[in-house]
Every structure is written in C-alpha cells, then in structure tokens.
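Here is how names work: the chains are called A, B, and so on, in the same order as the sequence lines, proteins then strands, and each is numbered from 1.
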Protein chains: 2
Amino acid sequence: MNTRAYELRAEVLKAMAHPARLMMVDALAEGEKCVCELQKLVGSAMPTVSRHLAQMKSAGIIASRRDGNKMYYRLLVPCLTNVFPCIDEALGAEQA
Amino acid sequence: MNTRAYELRAEVLKAMAHPARLMMVDALAEGEKCVCELQKLVGSAMPTVSRHLAQMKSAGIIASRRDGNKMYYRLLVPCLTNVFPCIDEALGAEQA
DNA sequence: TAGCAGTTTAGCTAAATTGCTAACTTATGT
DNA sequence: ACATAAGTTAGCAATTTAGCTAAACTGCTA
C-alpha cells in the first residue's frame, strides 16, 4: 500500500469526521434529501450546511441533483454506514 | 439519535482520518507493534508518531502495554478495517 | 549510579477547519 | 421585470491540528 492510497482514504474519513456531517450521512442513507431538510435536521446556518455538503461531495461520498430551486443530495456509498455499529462498539468498550 | 452520539462517532473517525494513523491502524490489524516499528513504518519523527498514537488511544480504538522499555500498541476494534474496502469503492466510483 | 534506548510531554509555528454574515446566483411565480 | 425562495461563494475571526526540536521520563544494564 502506497502513501497516496492512505491519503485518499484519510480524505474520505475526514469528510465524515464531524457530528453534523455524520448526521447528514445517516439521514441520506434513508434516501435523498434537499439542503433545506438537512439544514433543519442539523440546525446550523444554511451556508454552513452547504459547505459541509460540498466537502463530502468533493470527497466523493455524496452527489447532488437540482430540481427547480432545490438541490437534492444522495449518498453514493451506502456501505459507509456499516462502520457505525463498529464505532459504537468501540465506544462501549473504551480503554483496556 | 442524539447529538452527543454523533460527536462521539465523529471523534473516532477523526482519530483515524490521517494518512499516518490509517497506516498504523492497518499495521496494527496484523497484531501488536511497538512504537519503534510503527515509526519506521510511517517515517515521521518519534514524538509525532507518539502523539498520533495518543490520539487514537484517547479515542478508544487502540490500547498500549509496556514491555521493558518498549510500548506495544494493539487495535481494540479490528472491525474498523472493514470500512477500507468500502472507501476504496467510493474512490473508484467518484463523482456522479 | 551512570548511561543508554525507547517513549512521552512541552512549547512553538504554520496550516487547516469551523462557523458566521454578507453578497451573489439560479430558478419560480406574479 | 421584480420579488422571493433555495443554495453557493467569499471573507473574516477563533479554534484545532500537525510537525518539529528540546527536554523530561522509564526501565534496562554495566
């Protein structure tokens, strides 16, 4: 495994490593949502939400589609949500 | 799901979201390793490696054991490595 | 007890991240 | 054409992260 591969993986993980972004990934796992819906969900200002989404999009884990004046985002890699149970397990065990 | 749960998950992901740390997680998935081995692997200065390890330890994904003057680290949550194939898939697909 | 290998902690600087407000864009409706 | 709704981009301040060097520990071994 070369360094470049690890850099790419790190970018994807970094794109998820934020409470608001995780919340959105979770929501998008159920199906596509518009920015306005996601904004209500996370409760941050619209520009903030938009930037979080742009970040995940540039990492390649979500994609967008325009419908009228709404932008719909969808999760490109649903298997990412499979880590959550594993992470929660880690949080339960903690120290050792 | 409450906000706190997402914050905790984000911390775990953040602890992994770095090329050097991912490299170490991959290495530790094969079995425990001392800091000196990990340092050779990632090629950064020893204090830097030590701090990366401390970060992952405080996130709860690795643990340490002292043997003489060496510290051995091990992966507490091996299932974390299951995401990598999924991430690589995401990197292959990209935009949409 | 002195010295050495292995590791961690401290202190610093540079760079990246986050969140906000304000300004701009795109599409809808009148 | 104008107003409004939905999003994005820009620019700023505060915080966090990353890497380095130097200094402190920790545990062997002579």
Tell me whether the side-chain N/O atoms of [X] come closer than 4.0 Å to OP1 or OP2 in [N].
{"X": "Thr48(A)", "N": "dC20(C)", "value": "yes"}
{"X": "His52(A)", "N": "dG19(C)", "value": "yes"}
{"X": "Gln39(B)", "N": "dT7(C)", "value": "no"}
{"X": "Lys70(A)", "N": "dT28(C)", "value": "no"}

Would you kindly give the [atom1]-to-[atom2] distance between [X] and [N], to the nearest whole Å?
{"X": "Leu53(B)", "N": "dG6(C)", "atom1": "CG", "atom2": "P", "answer": "16 Å"}
{"X": "Asp67(B)", "N": "dA5(C)", "atom1": "CG", "atom2": "C1'", "answer": "14 Å"}
{"X": "Met71(B)", "N": "dT8(C)", "atom1": "CE", "atom2": "C1'", "answer": "9 Å"}
{"X": "Arg51(A)", "N": "dA22(C)", "atom1": "CZ", "atom2": "P", "answer": "16 Å"}

Just to be sure I understand the rule, does Arg66(B) reach a base, reach only the sugar-phosphate, or reach nothing, if contact means heavy atoms closer than 4.0 Å?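 Sugar-phosphate contact only.
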Look at all strands and tell whether Met46(A) reaches a base, only sugar-phosphate, or nothing, counting heavy atoms closer than 4.0 Å.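 Base, at least one base atom sits under 4.0 Å.
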Main chain of [Y], side chain of [X]: is a donor-acceptor contact present, judged purely on distance under 3.5 Å?
{"X": "Arg66(A)", "Y": "Gly68(A)", "value": "yes"}
{"X": "Glu89(A)", "Y": "Val77(B)", "value": "no"}
{"X": "Asp67(B)", "Y": "Lys70(B)", "value": "no"}
{"X": "Glu37(A)", "Y": "Cys34(A)", "value": "yes"}

Count I, L, V, M, F, W, Y as connected when their side-chain heavy atoms are under 4.5 Å apart, and connections chain through other members. Are Met56(A) and Tyr72(A) then in the same cluster?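 Per the 4.5 Å side-chain linkage, Met56(A) and Tyr72(A) are not co-clustered.
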Starting at the 5' end of DNA chain C, which residue's closest nucleotide do you reach first, Ala17(A) or Tyr72(B)?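 Its nearest nucleotide lies further toward 5', so the answer is Tyr72(B).
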Asn69(A) or Gly43(A), whichever maps to the more 5' nucleotide of DNA chain C: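 Nearest-nucleotide comparison on DNA chain C picks Gly43(A).
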Distance under 4.0 Å to a non-hydrogen atom of chain B counts as contact; along DNA chain D, which nucleotides mark the start and end?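 Answer, 5' to 3': dT17(D) to dC28(D).
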Would you compute the distance between atom CD of Glu7(A) and atom CG of Leu22(B) and round it to the nearest 0.5 angstrom?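 Answer for the CD-CG pair, Glu7(A) versus Leu22(B), is 10.5 Å.
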Pairing of Asp26(A) and Arg21(A) as salt bridge, 4.0 angstrom limit: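 Arg21(A) and Asp26(A): not salt-bridged.
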